[in-house]
Amino acid sequence: MSEIYDIGYRHYDGPRLGRAHTTLALGVHSLRGVFGLGRPARSKIMPFSLAAVMMFPVVVSIAMMALVQQRLGDYSGYAVVMQAVIAIFLASQSPTVVAPDLRHRVLPLYLSRPVTIAEYVGAKVAAMTVAMFLLVAVPLTVMFIGDLLVDLPGPPPTGEYLGAVAMAAVLSVLLSTIGLALAALTPRRGLGVASVITVYLLSTGAAPMIFAALYSTGHDAAAAWAWLINPFWLVDAVQAGLFGTTQHIPEGSYPGGPVPALIVLALIAAAVAVLAARYRKAAAQ
Amino acid sequence: MHILAIEGLTKRFPTVTALDRLTVTAGPGVTGLVGANGAGKSTLIKILLGLLPVSEGRATVLGLDAFTQGAEIRRLVGYMPEHECLPPDVSATELVVHLARMSGLPRTAARERAADVLRHVGLAEERYRPIGGYSTGMKQRVKLAQALVHDPKLIFLDEPTNGLDPRGRDEMLTLIRRIGTEFGISVLVTSHLLGELERVCDHVIVIDAGRLLRSSALTEFTQATESITVEVEEGADALAGRLAELGQTVSPLGRTLLVEVRGPETYDAVRDAAADLDLCLIRLEQGRQRIEDVFREEAARV
């Protein structure tokens, strides 16, 4: 405890910024946290290696377009093909956004400031949504730029690319609200990771099984609904309904109409309600 | 001007009444809020921060209504919680800068203020290391720094000396006194030990089971309750006997003795008794008196 620094206490009379500023600062801070920026090196390994894996098909696709004048896959199916990687990213990173503040009871330090609980949760959801969107939309965009540069015969698939980016935004909101709601239910990071990945595996495993069971017993119409259990296929169904893109499922077809989109909205609303209830309880402690 | 004005404040939880028609005011300076565990101290602070609705009554902080102007209050006050509230994987600097920004400070101002307050609370080079490796004393300093970083008009310190060793306790109390005087920031500090607050407070409020027991300037307290704590390596019993022979009022308190101060002669008696018995005196301290004594006194008066 050196005394040479002691120049007395100085008051602060500079600007004090409003809520928009604090919420934005919290969102940026959380987004940096998702990618491990400003954290030790080991926090960066998982998000950046998964982001690198997401780029892998992009590199292969551009190479194929340049060398054999052929696309590897379509833009609209990218999220479905890469769903395991996206789900692992969600599972591994959403607990880092919410668990430490709950586990170490940091929340009172925020709530004793002008930050409200709604702004806090909103900033966290926004940060995770932006992270998921970047994970999906950046590779799509790089692939599209490559597509334009290679200049294959025929018009560029601009419409499909834009549709895929819009759907990436929808998918990001859906996944991040569900992921954060699951992760916020347990203050332990490991359990958060496990619960998100379990829900994903169950939904992925259950969809084809239920489909097969219903299809083989002749309930073809009911079987179509089974695919919507998995969030990636659910959003793919919305995309197919809106833009008429290919249905990226092993067999059968999605039910049409507005119902898949309504399910997406209902799931987002339910996840937000769970988050609100969880944080109302945490704030009262 | 009143920093705090509380009128008929009642807070009922489903099973307990935490505050029961509490009416009290506090002026600028350092105010101690004393009460046993569960007396309602932490509940009162949460209400004053505008974070907890009340059942009845009203409270104003810095002239702002705690129920309708909570956000404005939280802009002007700092809060150091009683419990552990620090994430272990970030450094003190990062945390305090971040929380300064959460109070609305721009990025560069947040950095400057964080460096300033961390220096004032006595965290040197270690402020760049993750908090997980800090001692309890260092963690308490970080908690205090985050409450000060936005230069509040008033800070609420909830049991700041909890878990500290005697030296850490003394340093924390000195720091609190400096905040109230040198820094010019009003302080509301809670403790379950009246004795330690006596050294730093201008005014003390005692509550028990959510009710006001007493609110008075410190001088009135010390007149009524002055005592010293004496600790010897061994032979406490012999010392107690000798002091009693010398006409002092002695009561054992764990390994220490509590001696009532009659005047300067009490100190002389302790010195002489220890010297005569050839005892090793390791602590002679003013007024670490337990809150129970005030309660007993109050009960006797009723």
Side-chain angles (χ1 to χ4, degrees), chain A residues 1-30 32-33 36-40 42-43 96 98-120 123 187 189 280 283-285, chain B residues 45-46 49-52 70-90 94-95 98-110 112-113 116-117 119-120 122-124 130-132 143 146-152 156 171 178-179 182-185:
Chain A
M1 264 23 83
S2 171
E3 296 300 318
I4 53 167
Y5 293 110
D6 205 349
I7 49 169
Y9 183 79
R10 286 180 296 174
H11 285 281
Y12 175 74
D13 44 19
R16 289 170 196 262
L17 306 167
R19 313 209 129 169
H21 163 86
T22 52
T23 313
L24 183 68
L26 179 57
V28 172
H29 180 84
S30 308
R32 285 171 55 85
L37 300 173
R39 304 275 161 88
R42 71 190 142 84
S43 313
T96 64
V98 288
D101 285 356
L102 288 170
R103 182 168 180 197
H104 304 292
R105 302 172 75 192
V106 189
L107 218 47
L109 300 188
Y110 286 97
L111 298 182
S112 61
R113 299 186 143 77
V115 183
T116 64
I117 196 82
E119 287 163 356
Y120 175 88
R189 197 169 165 265
R280 209 173 300 126
Q285 277 172 356
Chain B
I45 289 183
K46 279 187 193 138
L49 283 166
L51 294 175
L52 210 56
E72 284 95 304
I73 292 175
R74 292 192 291 274
R75 210 163 262 288
L76 297 173
V77 304
Y79 169 52
M80 172 178 174
E82 176 183 4
H83 56 76
E84 291 245 347
C85 56
L86 304 173
D89 54 349
V90 299
E94 281 172 69
L95 179 75
H98 175 60
L99 289 169
R101 299 203 66 201
M102 292 301 100
S103 285
L105 269 60
R107 192 195 301 267
T108 35
E112 281 168 24
R113 285 287 311 170
D116 258 17
V117 290
R119 196 191 64 226
H120 280 297
L123 280 176
I131 295 170
K143 281 163 66 178
Q146 66 78 30
L148 284 172
V149 71
H150 51 296
D151 190 28
F156 297 124
E171 285 172 355
R178 275 185 63 204
I179 293 169
E182 249 176 76
F183 297 11
I185 297 171

Identify the heavy atoms of [X] and [Y] that sit nearest to each other, and give their distance.
X	Y	result
A/His21	B/Leu105	NE2-O, 3.5 Å
A/Leu17	B/Arg75	O-NH1, 3.5 Å
B/Met102	A/Leu26	CE-N, 3.5 Å
A/Ala123	A/Thr23	CB-O, 3.7 Å

With salt bridge (Lys or Arg N to Asp or Glu O under 4.0 Å) as the criterion, how do A/Arg39 and B/Asp89 come out once you've worked through the C-alpha distance, each side chain's angles and the decisive distance to 0.1 Å? CA-CA 8 Å; A/Arg39 304 275 161 88; B/Asp89 54 349; 5.1 Å; no

Identify which of A/Ala283, A/Pro40, A/Pro114, A/Gly14 forms the greatest number of heavy-atom pairs closer than 4.5 Å to chain B.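 Most heavy-atom pairs under 4.5 Å with chain B: A/Pro114.
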
Among the listed options A/Leu109, A/Val115, A/Leu111, the residue most often paired with chain B at heavy-atom distances under 4.5 Å: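 Ranked by contacts with chain B, first place is A/Leu109.
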
For atom CZ of A/Arg19, is the number of surrounding heavy atoms from other residues, nucleotides or ligands below 6.0 Å larger than 12?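 Result for CZ/A/Arg19: enclosed.
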
Centroid-centroid distance, B/His150 to A/Tyr12, less than 6.0 Å: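 Centroid separation for B/His150 and A/Tyr12: 6.0 Å or greater.
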
Would you check if the distance from the ring center of A/Tyr110 to the ring center of A/Tyr120 is below 6.0 Å? yes

Proximity breakdown for A/Pro108 and chain B, heavy-atom pairs closer than 4.5 Å: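 Both parts, backbone and side chain.
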
Heavy-atom distances under 4.5 Å only: say whether A/His11 touches chain B with side chain, backbone, both or neither.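 The answer is both parts of A/His11.
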
Based on non-hydrogen pairs under 4.5 Å, which of [options] is most in contact with chain A?
options	answer
B/His83, B/Glu112, B/Arg107	B/His83
B/Cys85, B/Gly184, B/Gly78	B/Cys85
B/Ala109, B/Pro106, B/Pro130	B/Pro106

Chain A contact via [X] - which portion, at a heavy-atom distance below 4.5 Å:
X	result
B/Pro87	both
B/Lys143	neither
B/Leu51	side chain
B/Glu94	side chain
B/Leu99	both
B/Glu84	backbone
B/Arg113	side chain
B/Ile179	neither

Parallel, tilted or perpendicular: ring planes of A/His29 versus B/His98, cut at 30 and 60 degrees: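 It falls in the parallel class, under 30°.
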
Do B/Pro152 and B/Leu76 touch side chain to side chain, with heavy atoms closer than 4.5 Å? no

